[in-house]
Amino acid sequence: MKELIEAIQNRGVGIGRDVVKVDSFLNHRIDVALATRIGQEIAAAFKDDGVECILTVEASGIAVALTTAQALGNIPVVFAKKGDPRNVSADVYTAQVYSFTHQTSSTIRVDRSYITEGMRVLIVDDFLANGEAIDGLMSILRQARAELVGAAVCVEKGFQEGGKRLRAQGVRVLSLATVDAIRDGQIILRPEEPRA
Ligand code: 5GP
């Protein structure tokens, strides 16, 4: 997606060899116009798939999950919670997720009443790196016997294995921008390809 690729080029920061910092428009301050366009782009790709609900994980997936849900006709957004379990119902699906950025494992939880059997669910997140977050969300969908329509991410890091592994499993993965490498602080983006 051209606008997102430009934003990463102009406003993103490469850290070390494997972290893309997009705090200025996606992860801390949110460029609402860009987030809206991202939602429209994801929605356009999945508009004929009967998506009934968007599933993401707190916190940074929520903004684009919301704009995608709006573009799909205000369907609900469910975000898996990472924080204090006392704040969530006891009747939950859980999964363990190892965080690439925080390098810690945490339990994510979703109230069982929000994802129901047969529900057609699209996973949306900001980044796809090793695929741990999406694996955790897919585990929750399996527990709920819901149907995974696909997974859409703003940025896929093509030098990590998540995207390859998920596609090999038959998951339909849409990424709006792919980072191929980070060299000397410079983010190397893959030229835009026609959509699958
Ligand atoms: P995965 O679970 O695919 O290994 O990593 C994806 C999750 O980790 C995303 O939810 C995202 O929040 C975070 N993440 C992974 N890599 C990056 C990165 O390079 N930059 C940022 N900002 N977040 C990342």
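In each ligand, atom 1 is the first atom listed, and ligand 1 is the first ligand listed. For this chain, numbers begin at 1 and follow the sequence in order.
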[atom]: which protein heavy atom is closest, and how many Å away?
atom	result
atom 7 (C) of ligand 1	Phe127 O, 4.2 Å
atom 15 (C) of ligand 1	Phe100 CD2, 3.6 Å
atom 11 (C) of ligand 1	Asp126 OD1, 3.4 Å
atom 10 (O) of ligand 1	Asp125 OD2, 2.9 Å
atom 2 (O) of ligand 1	Ala133 N, 2.8 Å
atom 13 (C) of ligand 1	Thr101 OG1, 3.8 Å

State, to 0.1 Å, how close [X] and [Y] come at their nearest heavy-atom pair, and which atoms those are.
X	Y	value
Arg167	Glu156	NH2-OE1, 2.8 Å
Asp126	Ser60	OD2-OG, 3.0 Å
Gly136	Ala95	O-CB, 3.5 Å
Leu55	Val110	CD1-CG2, 4.2 Å
Glu52	Ile75	O-CB, 3.7 Å
Ile115	Ala146	CG2-CB, 3.7 Å

Applying a heavy-atom cut-off of 4.0 Å, say which part of Asn27 lies close to ligand 1: side chain, backbone, both or neither.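 Side chain only.
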
Say whether [X], considering both its backbone and side-chain N or O atoms, lies within less than 3.5 Å of an N or O atom on ligand 1.
X	answer
Glu132	yes
Gly131	yes
Lys157	yes
Val20	yes

Side chains of Asn27 and Phe127: closer than 4.5 Å at any heavy-atom pair?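 Yes, at least one pair of side-chain atoms sits under 4.5 Å.
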
Between Ser139 and Gln143: side-chain donor-acceptor atoms closer than 3.5 Å: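 Yes, because at least one side-chain N or O of Ser139 sits under 3.5 Å from a partner of the opposite role on Gln143.
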
Verify the distance criterion only: is there a donor paired with an acceptor across the side chains of Gln40 and Arg37 at less than 3.5 Å?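 Indeed, the side chains of Gln40 and Arg37 share at least one donor-acceptor pair under 3.5 Å.
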
Enumerate the atoms of ligand 1 whose separation from the nearest heavy atom of Val19 is less than 4.0 angstrom.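 So the answer, numbered in order with elements, is 19 (O).
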
Would you say Asp18 touches ligand 1, if touching means a heavy atom closer than 4.0 Å?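 The answer is yes, since Asp18 has a heavy atom less than 4.0 Å from ligand 1.
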
Report yes or no: does Ser60 have a heavy atom closer than 4.0 Å to ligand 1?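 It does, in that a heavy atom of Ser60 comes within the 4.0 Å cut-off of ligand 1.
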
Quick test of your reading of the structure: of Ala129, Ala59, Gly163, whose heavy atom lies closest to atom 5 (O) of ligand 1?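 Answer by nearest heavy atom: Ala129.
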
Only heavy atoms count here, so choose which of Ile134, Leu128, Asn130 is nearest to atom 4 (O) of ligand 1.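 It is Asn130 that holds the nearest heavy atom.
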
For Phe46, is the NZ or CZ atom of Arg120 found under 6.0 angstrom from the centre of its six-membered ring and inside 45 degrees of the ring axis?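 Judged by the rule, Arg120 and Phe46 form no cation-pi pair.
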
